Novice: 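For reference, the structure I am asking about is given below.
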Amino acid sequence: MSRYLTLSALAVLFLFPLVWSGWASLEEPSNYLEMARFGEGVGTYATNSVLVSAMTVAGTLAVSALGGYGFARFDFPGKNLLFLVTLAILMVPYATILIPLYVLLGYLGLQNSLVGLSLVFVMFQLPFALFMMRNAFEALPRELEEAALVDGCGTFRAFSKILLRAVRPALVTVGLFAFLASWNDFFAPLILLNDGSSFTLPVAVVSMTQHTFGAIDYGMLQAGVMVMAIPCLILFIVLQRHYVRGFMSGALRG
């Protein structure tokens with residue numbers, strides 16, 4: 001009984017800020033109408049966020065799945081060093097390399113580009129994603145892959161048709177983390193995007209809630225919080241079972 005009481009208390013504690021934000025945003029329904037009319041329109045900013053998040057998730061899954069499989073199944077010179085160097089990205093302060101990345105994107109012709117922004121997000125997701133996917137592939141018995149090779153599958157076919165299905169929970173976990181990071185990030189889009197029509201939701205919400213002399217429209221801010229939070233909640237609820245399994249099979253092994 002005490003277990004359920006504790007869990008209920010924790011649920012109320014974590015849900016209270018979200019419920020309060022929703023209630024505050026609905027006190028003045030006109031906040032949502034003002035958001036829809038601000039700048040390029042909230043639909044444009046939401047579309048930008050969806051595109052960036054989709055490219056980030058796709059890029060992170062593709063690179064981390066192939067990289068994790070390579071680190072788990074193949075031996076090559078400098079393997080451990082390369083893996084440590086990738087993990088070392090976590091040790092670099094996030095804000096300190098955004099300006100160099102901005103300059104680099106300029107050389108590549110990707111400044112003020114949603115594609116360039118998504119590439120930056122993919123880079124920052126790689127350490128965690130590679131760690132998860134390497135552990136997930138290492139948890140699979142080698143006999144599963146060997147049986148596929150005996151049946152006539154090549155290495156890539158065995159990887160794509162059999163092993164990827166076996167590590168689906170880890171893929172969901174990596175994809176969910178990549179989505180949340182790219183969807184909610186404010187600082188990188190603020191630095192890397194110059195054109196208002198390319199802004200993502202976090203930058204747009206901050207811009208639309210600031211008025212003369214730095215005054216903040218808290219009602220509109222709460223409305224923006226709800227618009228940003230609802231997709232995250234839906235995804236987490238839908239993918240919760242896979243997410244928990246992915247953490248158990250990937251992050252806790254190694």
Side-chain angles (χ1 to χ4, degrees), residues 14 49-94 97 101 115 117-146 148 153 155-185 187-188 229 231-254:
F14 286 114
S49 289
V50 169
L51 289 175
V52 170
S53 299
M55 288 186 288
T56 301
V57 170
T60 302
L61 289 178
V63 176
S64 64
L66 291 170
Y69 176 69
F71 280 117
R73 288 292 192 258
F74 299 104
D75 291 321
F76 52 87
K79 169 183 171 180
N80 293 330
L81 177 62
L82 180 59
F83 187 71
L84 289 176
V85 169
T86 304
L87 293 182
I89 297 176
L90 293 172
M91 302 173 62
V92 180
Y94 175 57
I97 59 175
L101 286 174
V115 174
L117 178 61
S118 66
L119 290 176
V120 171
F121 284 142
V122 169
M123 184 198 71
F124 283 114
Q125 288 300 305
L126 275 184
F128 168 78
L130 274 176
F131 177 80
M132 284 287 298
M133 295 311 302
R134 187 200 67 167
N135 288 352
F137 281 114
E138 285 183 344
L140 297 179
R142 288 185 177 269
E143 291 77 10
L144 184 65
E145 184 177 2
E146 292 170 355
C153 291
T155 301
F156 184 77
R157 184 175 178 83
F159 164 77
S160 59
K161 297 297 184 180
I162 298 175
L163 298 184
L164 279 183
R165 295 181 181 180
V167 297
R168 185 179 300 172
L171 289 171
V172 171
T173 302
V174 168
L176 185 58
F177 266 78
F179 173 83
L180 293 176
S182 56
W183 179 267
N184 293 314
D185 194 277
F187 197 52
C232 299
L233 285 174
I234 293 174
L235 270 180
F236 185 81
I237 292 173
V238 171
L239 301 175
Q240 181 182 11
R241 177 169 57 91
H242 298 287
Y243 167 77
V244 173
R245 288 178 57 196
F247 245 120
M248 294 298 293
S249 65
L252 299 182
R253 185 181 178 89

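Note: hydrogens, waters and symmetry copies are ignored here, and every other heavy atom, side chains too, is used. For clarity, every value in this text was computed on a predicted model and none was experimentally measured.
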Novice: Could you check whether any side-chain heavy atom of F131 comes within less than 4.5 Å of a side-chain heavy atom of F83, counting everything from C-beta outward?
Specialist: yes
Novice: For a 4.5 angstrom cut-off between non-hydrogen side-chain atoms, does L101 reach M123?
Specialist: yes
Novice: How long is the span from the CZ atom in F121 to the CG atom in D185, to the nearest 0.5 Å?
Specialist: 4.0 Å
Novice: Nearest 0.5 Å please: distance from the CE atom of M133 over to the OG1 atom of T173.
Specialist: 9.0 Å
Novice: For residues 86-93, tabulate all N or O donor-acceptor pairs below 3.5 Å that involve a side-chain atom, not counting sequence neighbours.
Specialist:
unit_1 : atom_1 : unit_2 : atom_2 : d
T86    : OG1    : L82    : O      : 2.9

Novice: Could you give the distance from CG (N184) to SG (C232), rounded to the nearest 0.5 Å?
Specialist: 4.5 Å
Novice: The criterion is ring-ring contact (aromatic ring centres under 6.0 Å, His included); which residues satisfy it with F179, sequence neighbours excluded?
Specialist: W183
Novice: How close do L164 and A65 get, heavy atom to heavy atom, and via which atoms?
Specialist: CD2-CB, 4.1 Å
Novice: By the salt bridge (Lys or Arg N to Asp or Glu O under 4.0 Å) test, which pairs, at least two apart or in different chains, include something from residues 61-74?
Specialist: R73-E145
Novice: With rounding to the nearest 0.5 Å, note down the distance linking CG in L171 to CE in M132.
Specialist: 9.5 Å
Novice: With rounding to the nearest 0.5 angstrom, report the CZ to OG distance, R134 to S64.
Specialist: 13.5 Å
Novice: Do you know the tightest heavy-atom contact between T56 and V122?
Specialist: O-CG2, 3.6 Å
Novice: Looking only at non-hydrogen atoms, find the nearest pair between A129 and T60 and report the distance.
Specialist: CB-CG2, 3.7 Å
Novice: Hey, do the aromatic rings of F74 and Y69 have their centres closer than 6.0 Å?
Specialist: yes
Novice: Please examine the side chains of V57 and F177, heavy atoms only from C-beta on, and report whether any two atoms are closer than 4.5 Å.
Specialist: no
Novice: In the structure I gave you, are the side-chain heavy atoms of E138 and N135 within less than 4.5 Å of one another anywhere?
Specialist: yes
Novice: Can you measure from CG (L176) to CG (L180) and round to the nearest 0.5 angstrom?
Specialist: 4.5 Å
Novice: Say whether, by atom type as modelled, one donor and one acceptor occur between the side chain of S53 and the main chain of V50 under 3.5 angstrom.
Specialist: no
